[in-house]
Amino acid sequence: MKIDRLIGILAVLLQKETVTAPYLAERFEVSRRTINRDIENLCKAGIPIVTRQGVNGGISIMEDYAINRSVFTNSEMQDILAGLRSLDSVNGTNRYGQLMEKLSVGSSDFVSGSQFMLIDLSSWYKDSLAPKIELIRTAIENGRELTFCYFSAKGESKRNVEPYYLIFRWSSWYVWGWCKGSGDFRLFKLNRMEGLQVSDTFFPKRQVSMPDLRNERIFPGGIKVKALFDADCKWRLVEEFGMDCFVEQPDGKLLFHADYTHEENLISWLLTFGDKAELIEPKDLRLKLLRIIQGMNRKYDSLNE
């Protein structure tokens, strides 16, 4: 990526007194013409870069720009590198590991000996997610549409989307883009996509802001849940909703209160507790859950016939 290269060039210039265009071209595996354009872009960004012709010439940053020729503190660099390592955990490549090396030129203590934070964003679906992330990344960079089959509670549908952002939120990966069928911006979960392809169709960039990812915006709630859990379910309630989601009763039971978004998801979640959970409210969902349990009972009773 161009931004990776620009950051790498800046890191080299901050660590070395002077470098030549051929040196940078070889290091970043691009042409001298590309390096010249990159230097021009860095200058436009406000970095005071000077070039000198002749035997002792080259490219450098003005001496007064940084006294110790370092942009980041050790702690700041550690945070940056932890983030970069986490991205390699997603796509299974060493792309960001290579960028780490460029950022840490002349400062080996940044990447060894003092690492204390490791972030792994990979999931059980890493084998299927990594190719999707790479395809979406390619489509965003090149301004090309995505096509895929999408599975949702409303059924299956063919989508044509202009992608703008890859998002990691709520322990899952999403793409934010303009859905041509809906005529609006939508958030699509990568695990629900099948047959993902980068189209040959290019699209002009729209005015787009970051999506509103507040929990109450994406998951508006509306279902007031009251349930009773056995005491040994406490660890799950704490992990998934926090300590404030329940009140411990005199008999050790846990009286649970929460706002839930989707009734089918709520029922599925409650069923994972087996007979250790009892839904009290809403009454209509309690009856629906009862009918589901009765239907399951009939199926399993047939095994004894």
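On a predicted model such as this, the values are computed, not experimentally measured, just so you know.
- A single hydrophobic cluster is not seen to contain both Phe148 and Phe151; linkage of ILVMFWY side chains at heavy-atom distances under 4.5 Å, directly or through other members, places them apart.
- Taking 4.0 Å as the cut-off between side-chain N and carboxylate O, Arg206 and Glu162 count as a salt-bridged pair.
- If you look at Tyr23 and Phe28, their ring centroids are not closer than 6.0 Å.
- Linking ILVMFWY side-chain heavy atoms closer than 4.5 Å, directly or via other members, places Leu290 and Leu271 in two distinct hydrophobic clusters.
- For the residue pair Ile39 and Ile59, the shortest heavy atom distance occurs at CD1-CG2, 4.0 Å.
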Practice problem: Could you walk me through whether Trp176 and Val208 pass the side-chain contact (heavy atoms from CB on, under 4.5 Å) test, one step at a time? | Solution: CA-CA 10 Å; Trp176 174 256; Val208 54; 3.8 Å; yes
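- Here the NZ-CG distance, from Lys224 to Asp259, works out to 3.5 Å after rounding to the nearest 0.5 Å.
- Between the CZ atom of Arg37 and the CZ atom of Arg5 there is a distance of 8.0 Å, given to the nearest 0.5 Å.
- For Asp284, the CG atom is densely surrounded, since the number of other residues' heavy atoms within 6.0 Å is greater than 12.
- Arg144 places no side-chain N or O within donor-acceptor distance of the main-chain N or O of Thr201, the cut-off being under 3.5 Å.
- Hydrophobic clustering places Phe273 together with Met296 (ILVMFWY residues linked when any side-chain heavy atoms are closer than 4.5 Å, directly or through intermediates).
- When all heavy atoms are compared, the tightest approach of Lys189 to Ser172 is CE-OG, 3.3 Å.
- For the atom pair Cys43 SG and Asp38 CG, the distance stands at 11.0 Å (nearest 0.5 Å).
- In this structure, Asn191 and Leu129 have side chains that are in contact, with non-hydrogen atoms separated by less than 4.5 Å.
- Under a 4.5 Å side-chain heavy-atom cut-off, the cluster of Ile, Leu, Val, Met, Phe, Trp and Tyr residues that includes Leu255 is completed by Leu228, Ile280.
- Minimum interatomic distance between Ala231 and Gly252 (heavy atoms only, all atoms of both residues): CB-O, 3.3 Å.
- To the nearest 0.5 Å, the span separating CG on Leu279 from CG on Leu289 amounts to 6.0 Å.
- Here the straight-line distance linking atom CG of Leu42 with atom CG of Leu13 works out to 7.5 Å at 0.5 Å rounding.
- Note that the CG atom of Asn265 and the CG atom of Leu270 stand 11.0 Å from one another [nearest 0.5 Å].
- Under the 4.5 Å side-chain criterion, counting only non-hydrogen atoms from C-beta, Met193 is in contact with Leu190.
- A salt bridge links Glu264 and Lys288; the closest N-O separation between the charged side-chain nitrogens and carboxylate oxygens is under 4.0 Å.
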Practice problem: May I have the step-by-step check of ring pair (Phe, Tyr, Trp, His ring centres under 6.0 Å) for Phe246 and Trp235, ending in yes or no? | Solution: CA-CA 12 Å; Phe246 61 85; Trp235 67 274; over 10 Å; no
Exercise. Take Lys253 and Glu248 through the salt bridge (charged side-chain N to carboxylate O under 4.0 Å, His left out) test and state the conclusion after the steps.
Key: CA-CA 6 Å; Lys253 297 274 189 177; Glu248 195 161 351; over 6 Å; no
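- Using the six-membered ring where Trp is involved, Tyr260 and Phe241 have ring planes that are tilted, between 30° and 60° apart.
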Practice problem: Quick one: do Arg186 and Asp184 satisfy salt bridge (charged side-chain N to carboxylate O under 4.0 Å, His left out)? Show the steps, please. | Solution: CA-CA 6 Å; Arg186 291 286 188 271; Asp184 199 0; 3.3 Å; yes
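- Around atom CD of Glu26, no more than 12 heavy atoms belonging to other residues, nucleotides or ligands sit under 6.0 Å away.
- Counted by atom type alone, Arg159 and Ser157 present one or more donor-acceptor pairs between their side chains at under 3.5 Å.
- Under a 4.5 Å side-chain heavy-atom cut-off, the cluster of Ile, Leu, Val, Met, Phe, Trp and Tyr residues that includes Leu287 has no other member.
- Under a cut-off of 6.0 angstrom, the local environment of NZ in Lys154 is sparse, with at most 12 non-hydrogen atoms contributed by other residues, nucleotides or ligands.
- Shortest non-hydrogen contact noted between Gly242 and Cys245 is O-SG, 3.2 Å.
- Not a single donor-acceptor pair under 3.5 Å links the side chain of Lys276 to the backbone N or O of Cys233.
- Aromatic ring orientation, Phe168 versus Trp173: tilted (interplanar angle from 30° to 60°).
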Quiz item: Can you check side-chain contact (heavy atoms from CB on, under 4.5 Å) on Ile9 and Ile35, steps first, answer last?
Solution: CA-CA 9 Å; Ile9 291 172; Ile35 291 297; 3.9 Å; yes
Quiz item: Would Glu156 and Glu194 satisfy side-chain contact (heavy atoms from CB on, under 4.5 Å), going step by step from the backbone distance to the final call?
Solution: CA-CA 10 Å; Glu156 304 174 23; Glu194 282 299 327; over 6 Å; no
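- Checked by atom type and distance alone, the side chain of Thr138 pairs as donor or acceptor with a backbone atom of Glu134 at under 3.5 Å.
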Exercise. Could you walk me through whether Trp178 and Phe185 pass ring pair (Phe, Tyr, Trp, His ring centres under 6.0 Å), step by step?
Key: CA-CA 4 Å; Trp178 177 267; Phe185 285 100; 5.2 Å; yes
Exercise. Given side-chain contact (heavy atoms from CB on, under 4.5 Å), test Tyr164 with Lys205 step by step and report yes or no.
Key: CA-CA 9 Å; Tyr164 286 92; Lys205 297 291 185 179; 4.0 Å; yes
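- In this structure, a donor-acceptor pair under 3.5 Å is absent between the side chains of Arg52 and Thr18.
- When every heavy atom of Leu135 is checked against every heavy atom of Val198, the shortest pair comes out as O-CG2, 3.4 Å.
- The cluster map of Ile, Leu, Val, Met, Phe, Trp and Tyr, joined by side-chain heavy atoms under 4.5 Å apart, puts Val161 and Phe202 in different clusters.
- The number of heavy-atom neighbours closer than 6.0 Å to CG of Asp251, taken from other residues, nucleotides and ligands shown, is above 12.
- Put simply, the side chain of Ser60 does not reach to within 4.5 Å of the side chain of Val19, judged on heavy atoms.
- Between Leu254 and Asp230, the shortest heavy-atom distance links the atoms CD1-O, 3.7 Å.
- With a 6.0 Å radius and a threshold of 12 heavy atoms from other residues, nucleotides or ligands, Glu29 has its CD atom at or below the threshold.
- Using cut-offs of 30° and 60° for the angle between ring planes, the Trp269 and Phe256 rings count as tilted.
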